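Note sheet for the following structure.
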Amino acid sequence: MSSSKLFGNVYQVVENPHEKDAAIEIIDGEFTGLVYQYGGVQFLEGKPHLNFQRTIRRLPEGGDMDELLNNDTLNTLMGDILVELIEEQIERDKNEQGNTESSD
């Protein structure tokens, strides 16, 4: 994957007042309009692989739920977005820890 960010180009984070967790909306490409949320995420030991659950909240126009859930291109995209979100969270956590450490 290239170093260019998917956030803002391919997806955006959307809030739903009825859900405690934010969702992801695809804003570019063949899945434009799709909104989904991540569920459980697990790392597979010894493999560069993530298992994750997702819940589709809104289908793109003309989208079919079964086709989308079994679409390898979409699953790869969701995985790439998830990795980006995790990397950003790690970066935020690092920055927050750096800001809270006292310098004697």
Side-chain angles (χ1 to χ4, degrees):
M1 195 170 108
S2 69
S3 62
S4 71
K5 293 281 183 203
L6 297 169
F7 177 75
N9 296 312
V10 176
Y11 75 94
Q12 64 185 2
V13 177
V14 290
E15 303 284 339
N16 178 337
H18 306 293
E19 298 280 341
K20 72 178 176 73
D21 297 321
I24 303 299
E25 180 180 10
I26 305 296
I27 57 173
D28 189 45
E30 67 178 294
F31 307 109
T32 298
L34 175 71
V35 176
Y36 68 95
Q37 288 175 289
Y38 290 104
V41 177
Q42 72 186 148
F43 294 89
L44 300 181
E45 197 153 335
K47 295 182 184 169
H49 199 76
L50 279 174
N51 271 354
F52 58 91
Q53 298 168 329
R54 66 260 189 263
T55 303
I56 292 179
R57 297 287 179 208
R58 187 178 76 209
L59 292 170
E61 191 152 330
D64 175 86
M65 181 73 79
D66 290 333
E67 277 181 31
L68 286 171
L69 290 173
N70 295 308
N71 185 302
D72 289 340
T73 304
L74 178 58
N75 287 330
T76 299
L77 177 61
M78 288 176 165
D80 290 346
I81 291 171
L82 182 57
V83 167
E84 186 171 292
L85 292 169
I86 291 169
E87 287 172 348
E88 302 228 333
Q89 184 62 51
I90 290 169
E91 209 47 49
R92 271 198 302 273
D93 290 349
K94 261 198 264 182
N95 290 337
E96 284 173 15
Q97 286 173 353
N99 292 340
T100 57
E101 288 175 16
S102 62
S103 52
D104 291 329

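Small disclaimer: the values here were computed from a predicted structure and weren't measured.
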**Item:** Distance (rounded to the nearest 0.5 Å) between L85 CG and I90 CD1
**Value:** 11.0 Å
**Item:** Rounded distance (nearest 0.5 Å) linking atom CD1 of I81 with atom CD1 of I86
**Value:** 12.0 Å
**Fill in**
Here the pair of heavy atoms bringing E84 nearest to L6 is OE1-N, 2.9 Å
**Prompt:** Below 4.5 Å, heavy atoms only, C-beta onward: do V41 and N51 meet side chain to side chain?
**Reply:** no
**Request:** Would you mind checking if E88 and K5 are paired as a salt bridge, meaning a charged N to carboxylate O distance below 4.0 Å?
**Result:** yes
**Message:** Can a donor-acceptor pair be found, under 3.5 Å and without considering hydrogens, that links the side chain of N71 to the backbone of E67?
**Reply:** no
**Item:** Side-chain donor-acceptor contact under 3.5 Å, Q89 with D93
**Value:** yes
**Message:** Please tell me whether L69 and V35 are part of a single hydrophobic cluster in this structure, the criterion being side-chain heavy atoms less than 4.5 Å apart.
**Reply:** no
**Request:** Identify the heavy atoms of T73 and F31 that sit nearest to each other, and give their distance.
**Result:** CG2-CE1, 4.1 Å
**Prompt:** Counting only N and O atoms by type, is there a donor-acceptor contact under 3.5 Å from the side chain of E25 to the main-chain atoms of Y11?
**Reply:** no
**Prompt:** Would a distance-only check, ignoring hydrogens and angles, find a side-chain to backbone donor-acceptor pair under 3.5 Å from Y36 to A23?
**Reply:** no
**Request:** Could you check I26 against L77 for side chain to side chain contact (heavy atoms under 4.5 Å, CB included), going step by step and ending with a plain yes or no?
**Result:** CA-CA 10 Å; I26 305 296; L77 177 61; 4.0 Å; yes
**Request:** Taking all heavy atoms of I27 and all of G8, pick out the closest pair and write down the distance.
**Result:** CD1-O, 3.6 Å
**Message:** Run V13 and F7 through side chain to side chain contact (heavy atoms under 4.5 Å, CB included) and show every step you take.
**Reply:** CA-CA 8 Å; V13 177; F7 177 75; 4.1 Å; yes
**Item:** Closest heavy-atom pair and its distance - N75, R54
**Value:** OD1-NH2, 2.8 Å
**Message:** Is there a path of hydrophobic side-chain contacts, each under 4.5 Å between heavy atoms of I/L/V/M/F/W/Y residues, joining V14 to V10?
**Reply:** no
**Item:** side chain to side chain contact (heavy atoms under 4.5 Å, CB included) between I56 and M65, worked out
**Value:** CA-CA 8 Å; I56 292 179; M65 181 73 79; 3.9 Å; yes
**Request:** Could you please spell out the steps behind the side chain to side chain contact (heavy atoms under 4.5 Å, CB included) verdict for N9 and D28?
**Result:** CA-CA 7 Å; N9 296 312; D28 189 45; over 6 Å; no
**Request:** First locate atom CZ of R57, then atom CG of L34, and finally report the distance between them rounded to the nearest 0.5 Å.
**Result:** 12.0 Å
**Request:** Mind listing the closest non-hydrogen atom pair of Y38 and L82 along with its distance?
**Result:** OH-N, 3.3 Å
**Asked** Do side-chain atoms of Q53 reach the backbone of G40 as a donor and acceptor pair under 3.5 angstrom?
**Response** yes
**Prompt:** Does the side chain of F52 reach to within under 4.5 Å of the side chain of M78, using non-hydrogen atoms?
**Reply:** yes
